[in-house]
Amino acid sequence: MPKINTSASSGKTKKEIVQTPKGTRDILPNEMYVWQKVEEKIQAVIEYYGFKPIRTPHFEHTEIFSASLGDATDVVEKQMYTFKTRGGDSLTLRPEGTVPIMRAYLQHGMKSWPQPVMLYYNGSFFRHERPQKGRFREFGQFGIEIVGDGGAVSDAIIIRVLTLALEDLGLKNFTVHINTLGDKECRGAYRKELMQYFRKKVNYLCKDCKVRLKKNPLRILDCDKEECVEIKEGAPQMIEYACSDCKAHFKEVLEFLDELDVPYFLDHYLVRGLDYYSRTVFEIMFEEDQTESEVDKEVDKNEKKKTPRKLALAGGGRYDYLSKALSSKEIPGTGGAIGLDRIVELLKTLNINVGRHRAPKIFLIQLGTYAKRKSLSLMEEFRKSNIPLAQSFSRDSITSQLKIAGKLGVDYALILGQKEAMENAVIVRSMYDGIQETVPIPKLLEYVKKKLKK
Ligand code: HAM
């Protein structure tokens, strides 16, 4: 058994030890119900469009991320949770889901499956980021990928399905920001042009962007530091350098979106934070300003943030060269992922109810050992009939059990006392008017079903 760090050996107080690590949190039952509803709704749309579920490990060989996400990206440079195994291997907690999907596609020879392969996943991802509103070190994503198709229609389907999922959750005020990054040929010319542009302004760039200028000038477009955002405004735009094939592809994506009535905004400086993208990239943005609570406004004031921050609810794009970074094969792909933490938070702020947990309408009260034993098999009959039933088996007194039933707001209490247990009967008590009736157990289910129908 590994030794648990005690307060003495870690230097932390006991109070500090019983806290979740920075950037992580517990999701308690009431919020978990919202998460489950959100996941259910997203899954329903995604499954309808033909995506199939897949689950990959929470950690992978470090090389697959470092080889594909880009060494000048924040994710690879600063945010990966990387550790050595006892055998000396380097593993990394997955910072995102697309690379593992492509790894799985290659590993399982999905090329021989009917193409394209449409997959979805839902789970935790890990990035060592500075925690702030809507940004965590462990966060949930619902992702979809279409692997094995290079057509514009697949890009449009991804965006369409993600926006439909957001609409089904009751969200409205979001915009799809979209851009093209071209392919490896035409992007080369753009890179050169960007390099020249930023070189002239190098003294005004932030420290990180000075390094980015040497490694990958496109990354400067992704910097949110005030000084770099200002310089970016006059930078050349990719669309001016895109080759005719890339332009045609982008035009086709936009035509599909027009046809599907998906509102979009051409964001010529959108590059995304990961390097595996080519051609279409997009982000689904929500203007955070519209949702700020008084508390958040206060926090922002203290941080001297004047401009309304836009919140990315989802992001994605095409990744036609990703497979080449992992293998000798060239397999096109496109996809996107919704950030679940931000969605749940937003639903809460906007007071949108995604549906309630199916709350029990009856409560089973048991009094005495024999009744307790009997009530366990009784409960099983209700479960098999799919009727939710609440209970508190650890309590013994009728007063405390009735109190809980009252708090839960059930319609009926089923009281199984010692006498009733011997007689194989149950008292059904209406929680509204206190009227009680004794019902033989063999007739109980039907009796309760009828009562609940009324
Ligand atoms: P991403 O933009 O890094 O893309 O993440 C997608 C979404 O996950 C973001 O829009 C955001 O809502 C949420 N998210 C990201 N980081 C955090 C965080 N630290 N805390 C809370 N939420 C976060 C990807 O990960 C790509 N793999 C998406 C993709 C799929 N591209 C192609 N296929």
Side-chain angles (χ1 to χ4, degrees), residues 22-25 27 35 38 42 46 51 54 56 60 64-65 68-70 73-76 78-81 93-105 116-147 149 154-155 157-159 161-163 165-166 169 171 174-178 181 222 270-286 288 309-323 332-347:
K22 197 170 168 193
T24 68
R25 71 235 155 95
I27 301 170
W35 273 75
V38 166
I42 298 175
I46 284 170
F51 291 85
I54 183 166
T56 62
E60 300 267 356
I64 71 159
F65 296 117
S68 58
L69 299 182
T73 58
D74 279 353
V75 174
V76 170
K78 308 175 194 158
Q79 298 174 352
M80 293 206 308
Y81 283 95
L93 291 183
R94 57 184 189 184
E96 64 92 57
T98 310
V99 172
I101 295 299
M102 185 54 91
R103 194 262 313 128
Y105 180 100
V117 176
M118 297 168 72
L119 300 168
Y120 75 83
Y121 50 91
N122 169 21
S124 277
F125 295 86
F126 308 86
R127 293 182 195 172
H128 192 267
E129 298 199 70
R130 197 168 67 84
Q132 51 180 278
K133 191 161 175 266
R135 189 175 289 171
F136 301 95
R137 291 186 172 171
E138 176 175 1
F139 56 95
Q141 267 191 5
F142 216 118
I144 52 176
E145 313 288 347
I146 302 180
V147 188
D149 179 55
S154 289
D155 297 3
I157 286 175
I158 295 286
I159 297 172
V161 171
L162 295 180
T163 55
L166 297 181
L169 289 167
L171 296 169
F174 54 79
T175 316
V176 178
H177 286 227
I178 191 165
L181 294 181
D222 201 33
L270 178 70
V271 288
R272 310 267 300 124
L274 309 161
D275 269 3
Y276 53 57
Y277 292 111
S278 53
R279 293 195 165 169
T280 319
V281 282
F282 70 89
E283 253 165 24
I284 306 181
M285 308 294 280
F286 195 93
E288 212 182 19
R309 253 194 327 147
K310 282 186 180 138
L311 188 69
L313 298 181
R318 177 158 282 289
Y319 43 87
D320 291 345
Y321 308 119
L322 171 57
S323 69
T334 183
I338 294 184
L340 295 173
D341 303 74
R342 294 182 186 182
I343 297 289
V344 172
E345 186 63 38
L346 194 56
L347 291 171

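Just so you know, ligand 1 is whichever comes first in the structure, and atom 1 is the first atom listed for that ligand.
Judged by the 6.0 Å distance and 45° axis criteria, R127 is not positioned over the aromatic ring of F139.
With a 4.0 Å cut-off on non-hydrogen atoms, Y276 touches ligand 1 through its side chain and not its backbone. The part of L313 lying near ligand 1 is the backbone, judged by heavy-atom distances below 4.0 Å. Only the side chain of E145 comes within contact range of ligand 1, with a heavy atom under 4.0 Å; no backbone atom does. Residue-level proximity to ligand 1 for F125 is absent, since no heavy atom of it falls below 4.0 angstrom. Only the side chain of Q141 comes within 4.0 Å of ligand 1, judged by heavy-atom distances. Heavy atoms of E283 found under 4.0 angstrom from ligand 1: none, in either backbone or side chain.
Here the CD1 atom belonging to I144 is positioned 5.0 Å from the CD1 atom belonging to I46, to the nearest 0.5 angstrom. Once rounded to the nearest 0.5 Å, the distance linking CD1 of I159 with CZ of F282 reads 5.0 Å.
When the heavy-atom distances from atom 10 (O) of ligand 1 to P95, G336, A314 are ranked, the shortest goes to A314. Among A312, P100, G143, the residue whose heavy atom lies nearest to atom 9 (C) of ligand 1 is A312. Relative to atom 21 (C) of ligand 1, the option among G339, G134, P131 with the closest non-hydrogen atom is G134. Taking each of L69, D74, T98, T334 in turn, the one with a heavy atom nearest to atom 30 (C) of ligand 1 proves to be T98.
Of all atoms in ligand 1, numbered sequentially from 1 with element shown, those under 4.0 Å from a heavy atom of E96 are 25 (O), 26 (C), 27 (N). Heavy-atom proximity to G315, at under 4.0 Å, picks out these atoms of ligand 1: 10 (O), 28 (C), 29 (C). Counting atoms of ligand 1 from 1 in the listed order, those under 4.0 Å from a heavy atom of G316 are 29 (C), 31 (N).
Side-chain contact annotation: Y276 with T98, donor-acceptor N/O pair under 3.5 Å present. For the 3.5 Å distance criterion, the side chains of D155 and T334 qualify, holding a donor opposite an acceptor.
Summary of contacts: the protein heavy atom closest to atom 31 (N) of ligand 1 is Y277 OH, 2.7 Å. From the protein, the heavy atom lying nearest to atom 22 (N) of ligand 1 is R342 NE, 3.6 Å. Looking only at heavy atoms of the protein, atom 23 (C) of ligand 1 is closest to F139 CD1, 3.5 Å. Here the protein heavy atom with the shortest distance to atom 1 (P) of ligand 1 is R272 NH2, 3.6 Å. The nearest protein atom to atom 20 (N) of ligand 1, hydrogens excluded, is given as F136 N, 2.9 Å; this is a heavy-atom distance.
For D149 (side chain) and G333 (main-chain N/O), no donor-acceptor pair under 3.5 Å exists by modelled atom type.
Between E129 and ligand 1, an N or O atom pair is found at a separation short of 3.5 Å. Taking distance alone, with nitrogen or oxygen atoms compared against 3.5 Å, R127 approaches ligand 1 more closely than that limit.
Between Q141 and G97, the shortest heavy-atom distance links the atoms OE1-N, 4.3 Å. The two residues S68 and V99 have their closest heavy-atom pair at OG-CG2, 3.3 Å.
A side-chain contact (heavy atoms from CB on, under 4.5 Å) with F125 holds for exactly one of E138, R137, R94; it is R94.
Two residues are said to be in side-chain contact when any heavy atoms from C-beta on lie closer than 4.5 Å; I178 and T280 meet this criterion.
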